[in-house]
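In what follows, every heavy atom counts, from backbone to side chain, and hydrogens, waters and symmetry copies are set aside. Letters A, B, ... are given to chains in the order of the sequence lines, protein chains preceding strands, and every chain is numbered from 1.
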Amino acid sequence: MTFKSIIEEIENNLNKILGELSISDVKFTVEPAKPGFGDVSSNVSFLLAKQLKKSPKDIAEMLSEKYQHCSSTLVLKTKAHQSGYLNFFANWEKLSQMILSESHLHEFGDVDIGKNTTIVVEHTSVNPNKALHIGHIRNIIIGDSISRILKKANYKVNVLNYIDDSGLQVADIIVGFKHLGFDQESPDGKKFDHYCGDDVYVKTTEKYESDSSLENIRKNILKELEDGNSETAKFADKITRRVLANQLETCWNLSVSYDCLNFESQIIRSGLWSKIFDKIKEMNLIEFEDEGKNKGCWVIRGADKDEDKVIVRSNGTATYIAKDIPYAAWKLGLIDDPFHYQKYEKKQPNSRILWQTTLDSNESTKNFSGQKVITVIDSRQARLQKIITSLMAKFKSVPDAYVHLGYESVTLSSDTAKILGLDTDGKQAQMSGRKGLYVNADSVYDMLKEKIKDETKKRHAEMDSSDIEEIAHNIAVGTLRYEMIKQDLDKIITFDLTKSLSLDGDTAPYIQYTHARAARILEKSKRAPSINVDFSLLKEQAELNLIKTIGMFDMQVRDAVNNLSPKVIARYCHDLAVAFNSFYEHVKVLELGDESLENSRLCIVDSFKITLVKALDLIGIVAPHRM
RNA sequence: GGACUCGUUGCAUAGCUUGGAUAGUGCGAACGCUUGCGGAGCGUUAGGUCCCCGGUUCAAAUCCGGGCGAGCCCGCCA
């Protein structure tokens, strides 16, 4: 047990006391205390004030007195604060031992919320016609972090990446290749996804304005893409798979991996749509419109007439949102799986097996569906996702089976927009793939890595280049990932090229640096750290505060899972680092001339390092031993 | 026009779900700390009508209502 054990002990005792007073049904809180108010605080006296007709302070004093008679192993003393709070001071000798011992267990920080049920996390899902830009990265890092955190909470997680390989954006680059004469190889050795996005896509869509005949060509290509046997579809398949391979390289480089790639073209060709269409007709979830502006269409009824959403056009074709319905149902395992699965041609760096859908019935059968589904899509799609969510709720009885995890977009600062050639008059700017207004993820990574290499060389002139390379990689990835999740999902990130290169303050390098410091102490120490030490020697505020923070790990994981909030873990890593830096500054570990004190402190350093590594892993960040 | 999200110091943010003590942090600013286990660090100082008005409450940054400002969505496009 961790810090939670003292909280539970206090909760039990307070409940006992309230029982003796014949008071029930009081939902008081018992929480870690703010600094300066002991270790644990309860608001119980506030809640009793009315009923007992006494001031919170008097009640706190009364409870504090009664608490003396409770059996307690982890609470040393209680104190009624004049504000009315009831504060508790821990028996740190025992609590330190519990926390530090547990921190060495493999399962430290595990919580059982998922009960080993299966959950699907879908993220990334970028059109395979361009390179990933910094806005996509927010989606990918949120999705990857959430899936790591859910695993820690005992969910079996299936991570999916939906490949929209038959949409308009793909048609656009096919127009470029087939009708505007773009070379199928990037001319200057540029990465193929960058070439498709920066050159083919941008320049082709530019041409639509001057040449209206292209619109028709695109329409025909779009139609041909749906028929898998057409020459165009085969050509497009070749192109999109090359782009996809490049996109995956970017993701893998950021320590992101998947379980299965789902190709939209195959969903279309599998006939899944007509099955689900029949089903929702049967269930009366959609209606055929006889009159009005949507005459001849199948619609989902909205709250009022204006919010009706067309699912099937009057010409019989399905709309954009319609494609999401069979896919959502498939993710929840609500329909017979029309797919077979084969291994993707390249291996993921972490050796997790990556599967992809196929319609070839000679390949394996698998099950990638889940009891619950989390779909990570930016909140501009909230309206459409809400329709899918309520539709799925009618299919599946599990509450909240389908969750849209939305997040605000990444915009460009006016300075950065200006660098890219757009004067926004001091305002931030929305990125646009079509207009070529974006910052590619690969370039940000490269810039970060170069800067970090310089910094590392300054500090370690003797280090060989492959070590520097590895350190710079881990710090660059950490920096990028941390910046993408450290704030709330519903806050816009204004990306600025210059500021993004900052490595001070509330950043991944700050956290990673504390790991290097801890690693250095353990390395320099002649002894192996042990948990068989004298915990009574640990009395300094900085020591206890660090131990307390370590003991919060499982509570933080729980919080992150319940709120689907990777930020919670990012903050926790930062809190750990702050606590360690304070410890480092105030307390010496080595060469104390007191072997048992040294052992005790080494134990803290070791626990800190282990816990930090585990917490950072939940957000996909690796901390180097030297930097 | 309607829906959704955001508004906390010069800037960027935490706290809001679950009301309670002293609103925490980073950047920027000023000053200080290195013969010491690594200064990508630590400490000190200055800087706050928690957008406004009203309500609920013993108690509101937090909950509710109404404004204001910003963003975003609202197609038989994807």
Self-check item: Pair assignment for rG1(B), Watson-Crick or G-U wobble, requiring both distances under 3.5 Å
Solution: rC74(B)
Quiz item: If you check the E585(A) side chain, which of rC42(B), rG39(B), rU5(B) turns out closest?
Solution: rC42(B)
Quiz prompt | Nucleotide opposite rG48(B) in a Watson-Crick or G-U pair, distances under 3.5 Å | solution = none
Quiz item: Is there aromatic stacking of F46(A) against rG20(B), centre distance under 5.5 Å, plane angle under 30°?
Solution: yes
Quiz item: How far does the C1' atom of rA60(B) sit from the matching atom of rC72(B), given to the nearest Å?
Solution: 29 Å
Quiz prompt | Whether over 12 other heavy atoms sit under 6.0 Å from K451(A) NZ | solution = yes
Self-check item: Ring-on-base stacking rA21(B) with Y85(A) (under 5.5 Å, under 30°)
Solution: yes
Self-check item: Spacing of I217(A) atom CD1 and T204(A) atom OG1 [to the nearest 0.5 Å]
Solution: 11.0 Å
Self-check item: Selected nucleotide, minimal atom distance to R313(A) side chain, candidates rC77(B), rC37(B), rG39(B)
Solution: rC77(B)
Quiz item: Looking for any heavy atom pair under 4.0 Å, which part of the strands does V587(A) touch: base, sugar-phosphate only, or nothing?
Solution: base
Quiz item: Which part of the nucleic acid, if any, lies within contact of S379(A), taking any heavy atom under 4.0 Å across all strands shown: a base, the sugar-phosphate backbone alone, or nothing?
Solution: nothing
Practice problem: Go through the N and O atoms of the side chain of N87(A) and the base of rA21(B), and report whether any donor-acceptor pair is under 3.5 Å. | Solution: yes
Quiz item: Is a donor-acceptor pair below 3.5 Å formed from side chain T319(A) to base rC76(B), judging by atom type as modelled?
Solution: no
Quiz item: In terms of the angle between their ring planes, are H133(A) and H136(A) parallel, tilted or perpendicular, with boundaries placed at 30° and 60°?
Solution: parallel
Exercise. Identify whether any heavy atom of R380(A) sits under 4.0 Å from a base atom; if not, whether one sits that close to sugar-phosphate; answer base, sugar-phosphate or nothing.
Key: sugar-phosphate
Quiz item: Any N or O donor-acceptor pair linking the side chain of S41(A) to the base of rA21(B) at under 3.5 Å?
Solution: yes
Self-check item: Atom-to-atom span, NZ of K79(A) to P of rA21(B) - whole angstrom
Solution: 17 Å
Quiz item: Counting only Watson-Crick or G-U wobble pairs whose two distances fall under 3.5 Å, which nucleotide matches rA12(B)?
Solution: rU25(B)
Practice problem: Take atom CG of L384(A) and atom P of rC72(B), then tell me their distance rounded to the nearest Å. | Solution: 17 Å
Self-check item: Pairwise P distance for rG41(B) and rU5(B), with rounding to whole Å
Solution: 37 Å
Quiz item: Within the pair N315(A) and rC76(B), is there a side-chain N or O less than 4.0 Å away from OP1 or OP2?
Solution: no
Quiz item: Between D496(A) (CG) and rA12(B) (P), how many Å, whole number?
Solution: 12 Å
Exercise. Select base, sugar-phosphate, or nothing to describe what H515(A) touches, counting heavy atoms under 4.0 Å on all strands.
Key: nothing
Self-check item: Residue matched to rG41(B) through Watson-Crick or wobble contacts both under 3.5 angstrom
Solution: rC33(B)
Quiz item: With no hydrogens and no angle check, is any side-chain donor or acceptor of D496(A) less than 3.5 Å from a backbone partner on K499(A)?
Solution: yes
Quiz item: With sugar-phosphate meaning primed atoms plus P, OP1 and OP2, does K458(A) contact a base, only sugar-phosphate, or nothing at under 4.0 Å between heavy atoms?
Solution: nothing
Quiz prompt | Mate of rC6(B) where both pairing distances stay under 3.5 Å, Watson-Crick or G-U | solution = rG69(B)
Practice problem: Find the partner of rU56(B): check Watson-Crick (N1-N3 plus N6-O4 or O6-N4) and G-U wobble (N1-O2, O6-N3) distances, both under 3.5 Å, and reply none if neither fits. | Solution: none
Quiz item: For E291(A), does the CD atom sit with more than 12 other heavy atoms under 6.0 Å from it, leaving out its own atoms?
Solution: no
Quiz item: Under 6.0 Å between ring centres, would you say that holds for Y513(A) and Y510(A)?
Solution: no
Quiz item: Counting side-chain heavy atoms from CB outward, which of rC37(B), rC76(B), rU13(B) is closest to L590(A)?
Solution: rC37(B)
Quiz item: Within this structure, what is the CD-to-P distance between E31(A) and rU18(B), rounded to whole angstrom?
Solution: 12 Å
